Amino acid sequence: MPKILVFGIVKSLHDLFTALWVGGILTTAIAFMPTLRKSGLNSSYVNPLMKKYQNHLRVIALISIIGLWLTGILLGNRAPAYDGFFDFSTTYALLISIKHSVIFIMVIIAIIRGFVLGRKILDFSPAQKKGYMILLLINSALGIIVLFLSGISAAMG
């Protein structure tokens, strides 16, 4: 199989995993959570729905993160301006290292939201709901930053 075709497939998979993970975060923050909040439903309906949605999205996010890691390794091997994880020797490497740092923070927030707070979602207090939403909004902003860093680095690399 020609190298360009393999690169195209790997890059497409990387983009798909990005769309699933970051798109899931953004869809949740921009559409799903505001719809639930404005629905007028009481928490006995909303909290179980949130838990089911989160459990489903958690699986998609986990698969996407693993897929991004694997395809990212393959893409990094192809980029001549990239010398390894947290390399700051070129502008391209600096952008990728910043992107990796932001992604690391996103993964930590996802673990806190999904595995720490998410287990208590059925019994959320108003303060916990607010914290859950703040973490979602932070991850949304970080996801947008990752997309911009990816676009700029792709234009350079």
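Side chains included, hydrogens not; waters and symmetry mates left out as well; all remaining heavy atoms used. If you read the sequence from its start, that first residue is 1, and numbering goes on from there. The structure displayed is predicted, hence computed values, not measured ones.
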### Task
Could you list the residues that satisfy side chain to side chain donor-acceptor pair (under 3.5 Å) with Thr28, not counting sequence neighbours?
Tyr53
### Message
With a 4.5 Å cut-off on side-chain heavy-atom distances among I, L, V, M, F, W and Y, is there a chain of contacts connecting Ile63 to Ile109?
### Response
yes
### Task
Examine Phe104 and Leu70 and state if one hydrophobic cluster contains both, with Ile, Leu, Val, Met, Phe, Trp and Tyr joined whenever side-chain heavy atoms are less than 4.5 Å apart.
no
Restricting to non-hydrogen atoms, name the atom on [X] and the atom on [Y] that form the minimum distance, rounded to 0.1 Å.
{"X": "Leu142", "Y": "Met106", "value": "CB-CG, 3.6 Å"}
{"X": "Met50", "Y": "Leu36", "value": "CG-CD1, 3.4 Å"}
{"X": "Met156", "Y": "Tyr92", "value": "CE-N, 4.0 Å"}
{"X": "Gly24", "Y": "Leu57", "value": "O-CD2, 3.8 Å"}
{"X": "Asn139", "Y": "Ile25", "value": "C-CG2, 3.9 Å"}

### Task
For Tyr45, check ring-ring contact (aromatic ring centres under 6.0 Å, His included) against everything at least two apart and list the hits.
none
Going from [atom1] on [X] to [atom2] on [Y], what distance comes out if it is rounded to the nearest 0.5 angstrom?
{"X": "Thr27", "Y": "Leu20", "atom1": "OG1", "atom2": "CG", "value": "10.0 Å"}
{"X": "Ile103", "Y": "Ile98", "atom1": "CD1", "atom2": "CD1", "value": "12.0 Å"}
{"X": "Leu149", "Y": "Ser101", "atom1": "CG", "atom2": "OG", "value": "10.0 Å"}
{"X": "Leu135", "Y": "Leu117", "atom1": "CG", "atom2": "CG", "value": "6.5 Å"}
{"X": "Ile111", "Y": "Leu62", "atom1": "CD1", "atom2": "CG", "value": "9.5 Å"}

### Among Leu136, Ile138, Leu137, side-chain contact (heavy atoms from CB on, under 4.5 Å) partner for Ile134
Ile138
### Task
Please list all pairs passing the salt bridge (Lys or Arg N to Asp or Glu O under 4.0 Å) test where one or both residues lie in residues 134-155, with sequence neighbours left out.
none
### Task
Please list all pairs passing the salt bridge (Lys or Arg N to Asp or Glu O under 4.0 Å) test where one or both residues lie in residues 126-147, with sequence neighbours left out.
none
Side-chain contact, heavy-atom cut-off 4.5 Å: [X] with [Y]?
{"X": "Ile144", "Y": "Leu26", "value": "yes"}
{"X": "Ile73", "Y": "Trp69", "value": "yes"}
{"X": "Val107", "Y": "Trp21", "value": "yes"}
{"X": "Gln128", "Y": "Ser125", "value": "yes"}

### Task
Measure from NZ or CZ of Arg58 to the centre of the six-membered ring of Phe115, then state whether that distance is under 6.0 Å and the direction lies within 45° of the axis.
yes
Give every donor-acceptor pair under 3.5 Å between a side-chain atom in residues 7-15 and any protein atom, sequence neighbours left out.
from, atom 1, to, atom 2, distance (Å)
Lys11, NZ, Asp15, OD1, 2.9
Ser12, OG, Gly8, O, 2.8
His14, ND1, Thr71, OG1, 2.6

### Heavy-atom donor-acceptor pair, Ser153 side chain to Ser150 backbone, under 3.5 Å
yes
#### Entry: Any donor-acceptor pair under 3.5 Å from Gln54 side chain to Gly114 backbone
yes
### Message
I need the full list of side-chain hydrogen bond (donor to acceptor under 3.5 Å, both in side chains) pairs touching residues 103-115, with sequence neighbours left out, sorted by first then second residue.
### Response
Arg113-Tyr132
